[in-house]
There are 2 protein chains.
Amino acid sequence: MAHGIDEVARVAGVSTATVSRALRGLPNVSDSTRERVRSVATQLGYVASPSAASLASGRTMTIGLLTPWVKHWFFANVIEGAERALQSEGFGALLYTFEISRNAPRRRVDPDVLRRRVDGILVVGLPLDPAEVAALVGLGHPMIFVGSGVEGQLTVRLDDLVTGRTATEHLIDLGHRRIGHISGAPDDVTPFSPPAARRRGWLEAMGAAGLSVEPTLEVHGHFDLDGGRDSMRQLLAQRPDVTAVFAASDEMAMGAILAVRELGLRVPQDVSVIGIDGHDLGELVGLTTMAHPAVEEGAAAAALLLTMIAGTSAPADLVYQTRLVRRSSTGPPREGVAHA
Amino acid sequence: MAHGIDEVARVAGVSTATVSRALRGLPNVSDSTRERVRSVATQLGYVASPSAASLASGRTMTIGLLTPWVKHWFFANVIEGAERALQSEGFGALLYTFEISRNAPRRRVDPDVLRRRVDGILVVGLPLDPAEVAALVGLGHPMIFVGSGVEGQLTVRLDDLVTGRTATEHLIDLGHRRIGHISGAPDDVTPFSPPAARRRGWLEAMGAAGLSVEPTLEVHGHFDLDGGRDSMRQLLAQRPDVTAVFAASDEMAMGAILAVRELGLRVPQDVSVIGIDGHDLGELVGLTTMAHPAVEEGAAAAALLLTMIAGTSAPADLVYQTRLVRRSSTGPPREGVAHA
DNA sequence: CTGTTAGCGCCTTCAG
DNA sequence: CTGAAGGCGCTAACAG
């Protein structure tokens, strides 16, 4: 059963050093020796102890995945893609959730739980404050942010600005002029913050079309279904004249649609709704959206992280474009009819 | 920065053994000593190396989470719950995905990747063959199955039989008599298989109501949105007279609804649809469903696994009941009208 | 209650 | 191309 490296060495008639080199594919081992060692190891069912290997080498072959949730679309998809990419390179994925709840403040990220436990860190959609980032950087491992970001840190993200602009332009092209925006927490003004950039895209498109943007046109809430619903209720309460809404995520958009329906209004006849993500279930409500490949983004982020760990490659941000998927939640506005 | 235990020991004026005991909360350390050690450790930023600790103790404080996907509702929720529970007990969650794809056969579970790397295993919705189970058992760690199962292994699951029966009875109570069933792979006849048990529930309810169940009333496909859609298309093609369908999962049910709509039919006027899960987005299509708390199930499974690792408690299966959530996807059948 | 002493199992120089 | 030997940093008896 639990054979050690020395047993393999003994049976193969070589030293433990050679076994180690042979099994890890290091150079300076003759083919014949390597082959013999391999077969003995297989026969004995030998697998190196990760703990012992880590202790001796300093490498853990493990990546820490930090995320607020795994149950939301973006996070689940990124995590799935990342795990797959890591797995194919022999790395493991250690998952850490830091729920962002409505009631309590988020638990702070404690770098100690990652200390000497991972070779790299993937932060998935988790907005960290500077102190947390500094603490993680202090761990001395490569780190990549996916779908959130921090000045000075490598990021895999969407072209949020263009995405926000394009989504808004789609509504403008359809003839809308009073276009609301619902998004995440308003206090998030990090430059790399997706919500902030998407909002800027909305502002730019509105401005370019000569449309005025009163503060009442935007509502900030939580980045999920209920958040979208709540925000939409508020938006329609304060601006019954909006004919279209750009939601910063598909889940929010779907919540918005529910809110519209609750009020006895129809999508898109009374209110058009567009989201961002390309959520698998968007089709259920005919959601028009700006789609992007979250699984692929996760895989790319993981691959990039591994090259950084390997020390090869000059790392650079990865920016994904989104693709407009037209469905039935957007359409031309009804002429001159307010639904107040 | 990276201080070792001996440095803490030196500064605190005790031995490394005492530092170890003090920091891990073991008995036989005076309060004053423990306090001093703690403060020194904090001051020095000392955290024990997991590798070294594992190597010396044989414990990894890590659980392996095996799952086909993380992006589907049940899996994401269970994983999230499990991670949270593990985290609160100081355990880490190592994620391993084994995608079940339409094209390729699933990659087999190789116990070697888990060897000496985890203290326990949580299998989430992943049907394993006997050889794989045996290999995992051979690792010598406690193992729990969530939402899938194998004879002789501890399981956390739904009362699938009752759930299937109740869902079907709901349709029968509404007046339906030709009730189809769409579910997962037909070759899965494991006794503990949720699809099989849910199907049995359907059969029992039909039988109890004196309704005949022709083979054409059931279609088996993939356990996701597209699988549900495909299955529903096929079902309606071969049985245009069905007035209601019981889908084995909400994602399948939502796919079924899409298929119904594609055919120009309406839910529930032409066809009623009920699913299982209580998916967060079920509300979008007014999906009637048998809801269950997947996050809680994941947390409970993790907690149970930890008690097994600790050696306390006599482990027993955990069986969750589901709750009928009536929404608009189910209603009485139209009288005597076939929609062929 | 605390210290001493062996390892835990592997990797990695350094020789040869 | 291969072997010898010293850690990696901690835990777990066993004394005291």
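Letters go in sequence order (proteins before strands), and every chain restarts at 1. Here the structure is a predicted model, which is why all the values come from computation and not from measurement.
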| query | Using a cut-off of less than 4.0 Å, is there contact between a side-chain N or O of A:T18 and OP1 or OP2 of D:dG3? | reply | yes
| said: If I take atom CG in residue A:N28 and atom P in nucleotide C:dC14, what distance separates them, rounded to the nearest angstrom? | reply: 15 Å
| task | Determine whether the aromatic ring centres of A:W73 and B:H72 lie less than 6.0 Å apart. | result | no
| message | For D:dC10 and A:R116 - does any side-chain N or O of the residue sit under 4.0 Å from the phosphate oxygens OP1/OP2? | response | yes
| request: Give the B/S/- string for nucleotides 11-16 of chain D, one per nucleotide from 5' to 3', where a protein heavy atom under 4.0 Å of the base yields B, of only the sugar-phosphate yields S, and otherwise -. | output: BBB---
| said: Among residues at least two apart in sequence or on other chains, which ones pass salt bridge (Lys or Arg N to Asp or Glu O under 4.0 Å) with B:R59? | reply: none
| task | Would you tell me whether B:T16 and B:D6 have side-chain atoms, one donor and one acceptor, within less than 3.5 Å of each other? | result | no
| request: Take atom CD of A:E7 and atom C1' of C:dC10, then tell me their distance rounded to the nearest Å. | output: 15 Å
| field | Rounded distance in Å - CZ (B:R10) to P (D:dG9) | value | 15 Å
| field | Side chains of B:T18 and B:S15, donor plus acceptor under 3.5 Å | value | yes
| Under 4.0 angstrom, heavy atoms only, what part of the nucleic acid is A:T33 near: base, sugar-phosphate, or nothing? | sugar-phosphate
| Spacing of B:D6 atom CG relative to D:dG7 atom C1', expressed in whole Å | 13 Å
| B:E296/B:R84 salt bridge by N-O under 4.0 Å criterion | no
| task | Measure from CG on A:L55 to P on C:dG9 and round the result to the nearest Å. | result | 12 Å
| Roughly how many Å is it from CG in B:L23 to C1' in D:dG9, rounded to a whole number? | 14 Å
| query | Just by distance, with hydrogens left out, do B:R24 and B:S20 show a side-chain donor and acceptor under 3.5 Å apart? | reply | yes
| said: Does a side-chain N or O of B:S51 approach OP1 or OP2 of D:dC8 to a distance below 4.0 Å, or not? | reply: no
